[in-house]
A.B. asks: 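One structure follows; several queries about it will come next.
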Amino acid sequence: MDYLKLLCEDSSLAANFDALFDFFLLDEPTKRDEVEGRCTFSVDRVAFARDGAGGEYHQLEDGSIGYMSSEGECGRIAESVDNLIHLLVYSICWHDYCDASQYTDISTLEAYANERHDQIASYTEMDVWETVVQVLGMPLEANVAAELQKFYDAAHRAPLYICYFHEDDGTVTESHNLFF
């Protein structure tokens, strides 16, 4: 399904999607300013969405999706737009699932996914969430751990999506990974 097209064509859906998942589509994909050459990236990309804190979602040259936070974290988060939308919808807040120690085995990941999901759902307008999911034509039930495993796998596959910050003294600092 072309989820981005649905979001572009339905302003109410887009507003609810942004309110729930902090994801706002740009008017058109944009090649990003690299701050006068001070930031370079390991993979060519265009920005297509942002979040409220200044982070950006990038479509990478291979069709996968990268994310660059305003705090200097950078990484691939999904293999496709469909995988990204599933991650956003079913995790509700993917930023809360970046503890790499929780991805050691399936039972640990499932417990982590369930605990976090229950916490996030406790303060999320789940009636609005259900409406958004239905309009997108997605099932209301999903295996959150499976979606998170796809996220983890995308973030760790080569080539990694990295931002390099070129400092005034000539040194280069590599961005932080999304997982800690």
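Quick caveat, the model's predicted, so the values are computed rather than measured.
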A.B. asks: Look at the side chain of Trp129 and the backbone N and O of Tyr90, then say whether any donor-acceptor pair between them is shorter than 3.5 Å.
C.D. replies: no
A.B. asks: Do Leu6 and Val135 touch side chain to side chain, with heavy atoms closer than 4.5 Å?
C.D. replies: no
A.B. asks: Quick one: pull up OG in Ser64 and CZ in Arg157 and give me the separation to the nearest 0.5 Å.
C.D. replies: 5.0 Å
A.B. asks: Tell me every residue that passes side-chain contact (heavy atoms from CB on, under 4.5 Å) with Gln59, counting only those two or more places apart in sequence or in another chain.
C.D. replies: Val46, Phe48, Ile65, Val81
A.B. asks: I need the minimum non-hydrogen distance between Ser70 and Ala53, along with the two atoms involved.
C.D. replies: OG-O, 2.9 Å
A.B. asks: Find the distance between CG (Asp105) and CD (Glu110) and round it off to the nearest 0.5 Å.
C.D. replies: 9.0 Å
A.B. asks: Does CG in Asp27 sit with more than 12 non-hydrogen atoms of other residues, nucleotides or ligands closer than 6.0 Å?
C.D. replies: no
A.B. asks: Decide if atom CD of Glu141 counts as having more than 12 heavy atoms of other residues, nucleotides or ligands within a radius under 6.0 Å.
C.D. replies: no
A.B. asks: The test is side-chain contact (heavy atoms from CB on, under 4.5 Å); show your working for Tyr103 and Thr108 and say whether it passes.
C.D. replies: CA-CA 7 Å; Tyr103 291 76; Thr108 302; over 6 Å; no
A.B. asks: Check whether Leu136 and Ile92 end up in the same hydrophobic cluster, where Ile, Leu, Val, Met, Phe, Trp and Tyr are linked by side-chain heavy atoms less than 4.5 Å apart.
C.D. replies: yes
A.B. asks: Verify, without hydrogens or angle tests, whether Arg76 (side chain) and Pro159 (backbone) share a donor-acceptor contact under 3.5 angstrom.
C.D. replies: yes
A.B. asks: For this output row, return yes or no: ring centroids of Phe23 and Tyr57 closer than 6.0 angstrom.
C.D. replies: yes
A.B. asks: Could you walk me through whether Met138 and Ile85 pass the side-chain contact (heavy atoms from CB on, under 4.5 Å) test, one step at a time?
C.D. replies: CA-CA 10 Å; Met138 299 169 69; Ile85 299 301; 4.2 Å; yes
A.B. asks: Can a side-chain donor-acceptor contact be found between Gln149 and Asp153 if the only test is distance below 3.5 angstrom?
C.D. replies: yes
A.B. asks: Counting only N and O atoms by type, is there a donor-acceptor contact under 3.5 Å from the side chain of Thr124 to the main-chain atoms of Ile120?
C.D. replies: yes
A.B. asks: Mark yes when over 12 heavy atoms from residues, nucleotides or ligands other than Glu125 sit less than 6.0 Å from its CD; otherwise mark no.
C.D. replies: no
A.B. asks: As a quick check of understanding, evaluate side-chain contact (heavy atoms from CB on, under 4.5 Å) for Leu148 and Leu109, giving each step before the final call.
C.D. replies: CA-CA 8 Å; Leu148 293 176; Leu109 181 56; 4.2 Å; yes
A.B. asks: Can you tell if the side chain of His166 reaches within under 4.5 Å of the side chain of Thr40, non-hydrogen atoms only?
C.D. replies: yes
A.B. asks: Just do the salt bridge (charged side-chain N to carboxylate O under 4.0 Å, His left out) check on Arg116 and Asp99 with the steps written out, would you?
C.D. replies: CA-CA 11 Å; Arg116 287 290 201 193; Asp99 182 351; over 6 Å; no
A.B. asks: Can you give the donor-acceptor pairs under 3.5 Å from side chains of residues 168-180 to other protein atoms, not counting sequence neighbours?
C.D. replies:
residue: Asp168; atom: OD1; partner: Arg38; partner atom: NH1; Å: 2.5
residue: Asp168; atom: OD1; partner: Arg38; partner atom: NH2; Å: 3.0
residue: Asp169; atom: OD1; partner: Thr171; partner atom: N; Å: 2.9
residue: Asp169; atom: OD1; partner: Thr171; partner atom: OG1; Å: 2.6
residue: Thr173; atom: OG1; partner: Glu167; partner atom: OE2; Å: 3.0
residue: Ser175; atom: OG; partner: Cys163; partner atom: N; Å: 3.1
residue: Ser175; atom: OG; partner: Cys163; partner atom: O; Å: 3.3
residue: Asn177; atom: OD1; partner: Phe179; partner atom: N; Å: 2.8

A.B. asks: Quick check for you: to the nearest 0.5 Å, what is the distance between His58 atom NE2 and Phe41 atom CZ?
C.D. replies: 5.5 Å
A.B. asks: Distance from His95 atom NE2 to Asp22 atom CG, nearest 0.5 Å?
C.D. replies: 6.5 Å
A.B. asks: Is Val43 close to Asp62 at the side-chain level, that is, under 4.5 Å between some pair of heavy atoms?
C.D. replies: no
A.B. asks: Might you point out which heavy atoms bring Gln134 and Leu140 nearest each other, and give the distance in Å?
C.D. replies: NE2-CD1, 3.9 Å
A.B. asks: Hey, is the main chain of Tyr152 close enough, under 3.5 Å, to the side chain of His156 for a donor-acceptor pair?
C.D. replies: yes
A.B. asks: In sequence, state the C-alpha distance, the side-chain angles, and the governing distance for Val128 and Leu20, and then conclude on side-chain contact (heavy atoms from CB on, under 4.5 Å).
C.D. replies: CA-CA 8 Å; Val128 176; Leu20 287 168; 3.9 Å; yes
A.B. asks: If hydrophobic clusters are built from ILVMFWY residues whose side chains come within less than 4.5 Å, do Leu26 and Tyr3 share one?
C.D. replies: no
A.B. asks: Mind checking whether Leu88 and Tyr161 sit in one hydrophobic cluster, side chains of I, L, V, M, F, W, Y counted as touching below 4.5 Å?
C.D. replies: no
A.B. asks: Atom CH2 of Trp94 and atom CG of Leu84: how far apart are they, to the nearest 0.5 Å?
C.D. replies: 9.0 Å
A.B. asks: Measure the CD-OG distance between Glu56 and Ser69 for me, rounded to the nearest 0.5 Å.
C.D. replies: 10.5 Å
A.B. asks: Which atom names give the shortest non-hydrogen contact between Met68 and Cys74, and what distance separates them?
C.D. replies: SD-CB, 3.7 Å
A.B. asks: For the side chain of Ser42 and the backbone of Leu160, is there at least one donor-acceptor N/O pair under 3.5 Å apart?
C.D. replies: yes
A.B. asks: Could you check whether any side-chain N or O of Thr30 sits under 3.5 Å from a backbone N or O of Glu28, counting only pairs where one atom can act as donor and the other as acceptor?
C.D. replies: yes
A.B. asks: Would Phe21 end up clustered with Leu25 when hydrophobic side chains under 4.5 Å apart are linked, directly or stepwise?
C.D. replies: yes
A.B. asks: May I ask whether Phe151 and Leu60 are part of the same hydrophobic cluster, defined by side-chain heavy atoms of I, L, V, M, F, W, Y residues being less than 4.5 angstrom apart, directly or through others?
C.D. replies: no
A.B. asks: Does Gly54 offer a backbone N or O that forms a donor-acceptor pair with the side chain of Asp51 under 3.5 Å?
C.D. replies: yes
